[in-house]
2 protein chains.
Amino acid sequence: MSDDDPLALASGGSCPLPFREYPHVLLAHGGGGSLTSQLIETLFLAELKNPALEVLHDGALLDVNGARLAFSTDSYVVRPLFFPGGDIGSLAVHGTVNDLAMCGARPVALSSAFLLEEGFPMEDLRRIVRSMRDAAAAVGVPVVTGDTKVVDRGKGDGVFVNTAGIGLVADGIDVSPRRARPGDAILVSGSIAEHGIAVMSVREGLEFETTLTSDSAPLWSLVERLLSACGTGVHVLRDPTRGGVASALNEIAAQAKVGIRIDERAIPVREEVRGACEILGFDPLYVANEGKCLAFVDRKEAGAALAALRSDPLGSGAAIIGEVVDEHPGRVHLRSLSGGMRIVDMLSGEQLPRIC
Amino acid sequence: MSDDDPLALASGGSCPLPFREYPHVLLAHGGGGSLTSQLIETLFLAELKNPALEVLHDGALLDVNGARLAFSTDSYVVRPLFFPGGDIGSLAVHGTVNDLAMCGARPVALSSAFLLEEGFPMEDLRRIVRSMRDAAAAVGVPVVTGDTKVVDRGKGDGVFVNTAGIGLVADGIDVSPRRARPGDAILVSGSIAEHGIAVMSVREGLEFETTLTSDSAPLWSLVERLLSACGTGVHVLRDPTRGGVASALNEIAAQAKVGIRIDERAIPVREEVRGACEILGFDPLYVANEGKCLAFVDRKEAGAALAALRSDPLGSGAAIIGEVVDEHPGRVHLRSLSGGMRIVDMLSGEQLPRIC
């Protein structure tokens, strides 16, 4: 991002751009921050208006012949295609499995659509499809339907992948961003910012003493444990991908019209990730995760929720990081390491383009 | 397509390339012909192997908590984005609605994922989203979930759209390519080759006396009438998109291991479309349709099926064009206008790149 980019103030700044219309699409419209929200609200939601879409969940909830279904889609444009801890194939499975899990849904089936650029090496494609297969097998969810399109050289970027997924929500589960309520405890399932930093460090050619690895992982088994332990005491689930924990919490605060307070000291960040963030100039709160979730649970269930998360290998680093409050609805406040309070805004620009 | 392109023999030639592995992706791998089939069989199917995927239907059939669901996805990369009779937004709705309809499923919900290139005009995006909205409203199926990604300038081509869809199959319906059986009558719901020719004539800057318009349309209401009239007498449905009627029939012949005979005189082609095909050097049998379907029905139901199709405005030009036979399993034979018989092969190259 160049210094004269008007969006470069981004990362954690408390000064989002005014919500005006841009005449052209910017990279930041895909960054998962305030410009993405603006695009969704003023264009997609405004035009496609319907109750299921308006919930702005990671997926839609549908009642089809008595079955409570979750339905979600994501396209993947990550660069590089292969990164420490994963690749675009496994990421495309984990991302959609996680969106379904965040609806409280057991993943049932995936679709995959490949958009290939003429000239893309067949061997790389096979490697990606195998990775997709292994990731899907690990979750026990089949890829049941697909599509392949090819665009001329120079009109794509190797390969883009889209997956959509269908999940099934069990009786007695009710997970929705609108269920956040004052008094809820907020948990994170482990240390944050690992996906974004792993991808950026490869992209920037940075070398660290230890290899930074993406946390890309499927979260359904973790979520299943949490739901078994706390049932309807689980109010909200969200995987903080593009835009990171800060943007996810801002979205939930806005949707549920509640205030959120988090404690920086409680948020797990691995030492080498914190170091890389300092070198790269990123705030870990804004960096993408692909194998972590935020959970808002009834405060009476906080202990049980923490134990349930920690009982899963993917949740061994889980922590309670904050709470939902009556004050400052729509806003996220952070008690910083030094003890002061500051507002945590949504990411207003494009911190990490093409991170997923 | 240049003359020295080894794939240029394409269009209807009886000489498909040997099934060897290509080291790189070719445009023809996305053309809907034999190279697309090869890629699907040797890579996607071979790696992702599962029973639902192996049916090679336009969508997958799933049993979820007693509900018979159809699930389908398609990406759209059509150029130009706006063409006579439609645009990438309406096409992305019609294409996925039709894939569900070809499974005998009433469309229930759609997802939409936009893959935008930095710099794409917001006004064009709004026009596309509105067109998507209108097309979805006309079918009565909501877009319930979505995703937006942005890639840097020069790494995309304005906009690509992916839609996935969920449909519901009623009891007593059993539509599958494997149900084609000798004696079945083969019907087409109207005149063919209109989408491909409309798009190509704009792309090539050709002008004809009349404007050639895409047939892009949602086929569920038509299919619903057919299923109401003939029930399980409807064995196979297929919308002949990329690769046209010839490729669709070849796929079905191969999957059901039956022979197919069609009569060129019976296949409806509008005069101006036939003229444009001659000028452009295309065989209408290989040109994409986006609002037509092929139906294989029990021969006893042929009359009822024809009447049902013709009772719908989109099926007013329906015709019986051939039959399924015991002989030459896996092959499609055509009685030509001149009365001779010839083999109709699958499209072996890339006739019309980026037609949908």
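Within every chain, numbering begins at 1; the chains are lettered A, B, ... in the order of the sequence lines, protein sequences first and strands thereafter. Bear in mind the structure is a predicted one, so any value in this text is a computation, not a measurement.
With A/T96 contributing its side chain and A/V93 its backbone, the two residues share no donor-acceptor pair below 3.5 Å. Checking side-chain atoms of B/S247 against main-chain N and O of B/G244 turns up no donor-acceptor pair under 3.5 Å. No donor-acceptor pair under 3.5 Å is formed between the side chain of A/H195 and the backbone N or O of A/C356. Judged by distance alone, the side chain of A/H29 and the main-chain N or O of A/L26 form a donor-acceptor pair under 3.5 Å. Of the possible donor and acceptor atoms, none in the side chain of A/S131 sits under 3.5 Å from a partner among the backbone N and O of A/R127. Here the side chain of A/R68 pairs no donor or acceptor atom with the backbone of A/A105 at under 3.5 angstrom. Proximity of a side-chain donor or acceptor of A/D152 to a complementary backbone N or O of A/K155 within less than 3.5 Å is not detected. B/N50 places a side-chain N or O within 3.5 Å of a backbone atom of A/V143 that can act as its donor or acceptor partner. Under the 3.5 Å distance criterion, the side-chain polar atoms of B/E118 are matched with a main-chain donor or acceptor of B/R153. In this structure, B/D157 contributes its side chain and B/F160 its backbone to no donor-acceptor pair below 3.5 Å.
Contacts classified as ring pair (Phe, Tyr, Trp, His ring centres under 6.0 Å) and involving residues 121-153 of chain B (residues at least two apart or in different chains) are not found. Applying the ring pair (Phe, Tyr, Trp, His ring centres under 6.0 Å) rule to pairs touching residues 124-143 of chain B yields nothing, sequence neighbours excluded.
Near-neighbour residues of residues 162-172 of chain B relative to chain A, defined by a heavy atom under 4.5 Å from a heavy atom of that chain, comprise B/N162, B/A164, B/G165, B/I166, B/L168. Taking non-hydrogen atoms and a 4.5 Å limit, the residue list of residues 106-117 of chain A in contact with chain B, ordered by number, reads A/V108, A/A109, A/L110, A/S111, A/S112, A/A113, A/F114, A/L115, A/L116, A/E117.
Only the side chain of B/R242 comes within less than 4.5 Å of a heavy atom of chain A; its backbone N, CA, C and O stay farther away. Using a 4.5 Å cut-off between heavy atoms, A/D58 touches chain B through its backbone atoms (N, CA, C, O) alone. At a 4.5 Å heavy-atom cutoff, the contact between A/S75 and chain B is made by backbone and side-chain atoms alike. Heavy atoms of A/L62 lying under 4.5 Å from chain B belong exclusively to its side chain. For B/V77, the part sitting under 4.5 Å from any heavy atom of chain A is the side chain, from C-beta outward, and nothing else. Proximity to chain A (any heavy atom under 4.5 Å) is shown, for B/T148, by both the backbone and the side chain.
Taking 4.5 Å as the limit, every side-chain heavy atom of A/L61 sits out of range of all side-chain heavy atoms of A/S176.
Here B/T73 is the residue among B/N65, B/V64, B/T73 with the most heavy-atom pairs under 4.5 Å with chain A. Among A/L48, A/D99, A/L69, the residue making the largest number of heavy-atom pairs under 4.5 Å with chain B is A/L48. Interface remark: of the candidates A/P51, A/G59, A/G146, A/A46, A/G146 forms the most heavy-atom pairs closer than 4.5 Å to chain B. Interface remark: of the candidates B/P142, B/G119, B/P121, B/G119 forms the most heavy-atom pairs closer than 4.5 Å to chain A. Taking chain B as the reference chain and counting heavy-atom pairs below 4.5 Å, the highest number among A/K149, A/R79, A/E54 is found for A/K149. Interface remark: of the candidates A/E123, A/K49, A/E47, A/E47 forms the most heavy-atom pairs closer than 4.5 Å to chain B. Among the candidates A/D74, A/I40, A/L39, the residue making the largest number of heavy-atom pairs closer than 4.5 Å to chain B is A/D74. With respect to chain A, the highest number of heavy-atom pairs below 4.5 Å among B/R130, B/M132, B/M122 belongs to B/M122.
Classification of B/D124 and B/R126 as a salt-bridged pair fails, no side-chain N sitting under 4.0 Å from a carboxylate O.
Side chains of B/H94 and B/S216: a donor-acceptor N/O pair is present below 3.5 angstrom, by distance only.
Relative ring orientation between B/F71 and A/F71 is described as perpendicular, the plane-to-plane angle rising above 60° on a 0-90° scale split at 30° and 60°.
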